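Working notes for the structure below.
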Amino acid sequence: MKIQEPRALSVIYFFAYVAIGLLGMFVATDPPRTVQSSLGNPLMVWWGVLLLVGGVLGSVSVLPGIWWLERAATFCCMTAIAVYGSVLASLPVTQMSVRAASLCFIVFSILAFAARLVKIRHHAYDPEK
């Protein structure tokens, strides 16, 4: 019962942060070649760290409602998603529908995290606790 209300939304965001953190771990251990060739090694490491830090901070902070920490996590996640989107947009187009679908999912992801930021922007912790 120590999960931030609304509990369903907090749990959904928890799993979103876990997924981002797992992606960061996979990027660090086996970077995607197309992204690595576009970013280079230093930026690839930076991208992986953003994903991992965002995922870990978010998953630790979302359930108890530690919003100041979750804001840092959402900024990391949004920045990492934007980096991926810019790399994807710069790759040669082979099939426009695939590119459009991928970019739309990226925009959706950024907007989902932006919506979370709007919800938690005014308080450091849950004001009802």
Side-chain angles (χ1 to χ4, degrees):
M1 293 295 131
K2 295 186 185 227
I3 296 176
Q4 167 65 37
E5 291 285 347
R7 288 188 181 99
L9 187 60
S10 294
V11 170
I12 289 168
Y13 270 101
F14 170 79
F15 284 113
Y17 287 121
V18 168
I20 292 285
L22 286 173
L23 177 59
M25 185 181 68
F26 293 135
V27 164
T29 58
D30 186 23
R33 307 292 178 247
T34 54
V35 178
Q36 188 174 25
S37 65
S38 296
L39 284 179
N41 285 335
L43 288 177
M44 191 70 195
V45 170
W46 178 71
W47 182 53
V49 167
L50 277 175
L51 290 166
L52 190 58
V53 167
V56 169
L57 291 180
S59 62
V60 168
S61 63
V62 69
L63 294 179
I66 306 170
W67 291 343
W68 66 269
L69 189 58
E70 190 181 353
R71 277 194 294 275
T74 56
F75 282 120
C76 287
C77 292
M78 290 171 68
T79 303
I81 293 166
V83 166
Y84 180 69
S86 63
V87 168
L88 185 67
S90 71
L91 294 175
V93 177
T94 55
Q95 188 176 2
M96 192 54 165
S97 62
V98 173
R99 174 69 52 88
S102 298
L103 290 174
C104 286
F105 275 118
I106 290 166
V107 169
F108 172 81
S109 299
I110 290 171
L111 291 174
F113 281 105
R116 184 65 181 168
L117 275 177
V118 168
K119 180 179 180 348
I120 65 173
R121 73 179 179 265
H122 293 299
H123 303 285
Y125 295 94
D126 176 14
E128 296 174 9
K129 287 187 177 182

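What you see is a predicted model, and the numbers here were worked out from it, not measured in a lab.
At a threshold of 4.5 Å between side-chain heavy atoms, the hydrophobic network of Ile, Leu, Val, Met, Phe, Trp and Tyr places V35 and V107 in two separate groups. Hydrophobic clustering keeps L88 apart from F105 (ILVMFWY residues linked when any side-chain heavy atoms are closer than 4.5 Å, directly or through intermediates). One hydrophobic cluster, built from ILVMFWY side chains closer than 4.5 Å, cannot hold both I81 and I12; they sit in different ones.
Taking CG of L111 as the start and CD1 of I106 as the end, the distance is 12.0 Å to the nearest 0.5 Å. Between the CG atom in L52 and the SG atom in C77 there is a gap of 10.5 Å [rounded to 0.5 Å]. The CG atom of L103 sits 9.0 Å away from the OH atom of Y84 when rounded to the nearest 0.5 Å. In this structure, OG on S59 lies 11.0 Å from CD1 on I20, to the nearest 0.5 angstrom. With values rounded to the nearest 0.5 angstrom, E70 atom CD is found 9.0 Å from F113 atom CZ. Taken from CE in M78 to SG in C76, the straight-line distance is 11.5 Å, to the nearest 0.5 Å.
Using a 4.5 Å heavy-atom threshold, the side chains of F14 and V18 count as touching.
Distance alone, capped at 3.5 Å, is enough to place a donor-acceptor pair between the S10 side chain and the Q4 backbone. Counting only distance, with no hydrogens or angles, the side chain of R71 and the backbone of L117 share no donor-acceptor pair below 3.5 Å.
The two residues E5 and K119 have their closest heavy-atom pair at O-NZ, 4.5 Å. Taking both residues in full, the closest heavy atoms of G58 and A73 are given as N-CB, 3.3 Å, listed atom of the first, atom of the second, then distance. Heavy-atom minimum distance, A72 versus L57: CB-CD1, 4.4 Å. Heavy atoms only, all atoms of each residue included: G24 and L51 are closest at CA-CB, 3.5 Å.
Among residues two or more places apart in sequence or in another chain, the ring-ring contact (aromatic ring centres under 6.0 Å, His included) test is passed with Y13 by none. Every residue two or more places apart in sequence or in another chain that forms a side-chain contact (heavy atoms from CB on, under 4.5 Å) with S38 is listed here: V87, L91.
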message: Between L63 and K2, is the side-chain contact (heavy atoms from CB on, under 4.5 Å) condition met? List the steps.
response: CA-CA 8 Å; L63 294 179; K2 295 186 185 227; over 6 Å; no

Please report, to 0.1 Å, the donor-acceptor pairs under 3.5 Å made by any side chain of residues 42-50, with sequence neighbours excluded.
| unit_1 | atom_1 | unit_2 | atom_2 | d |
| --- | --- | --- | --- | --- |
| W47 | NE1 | A80 | O | 2.9 |

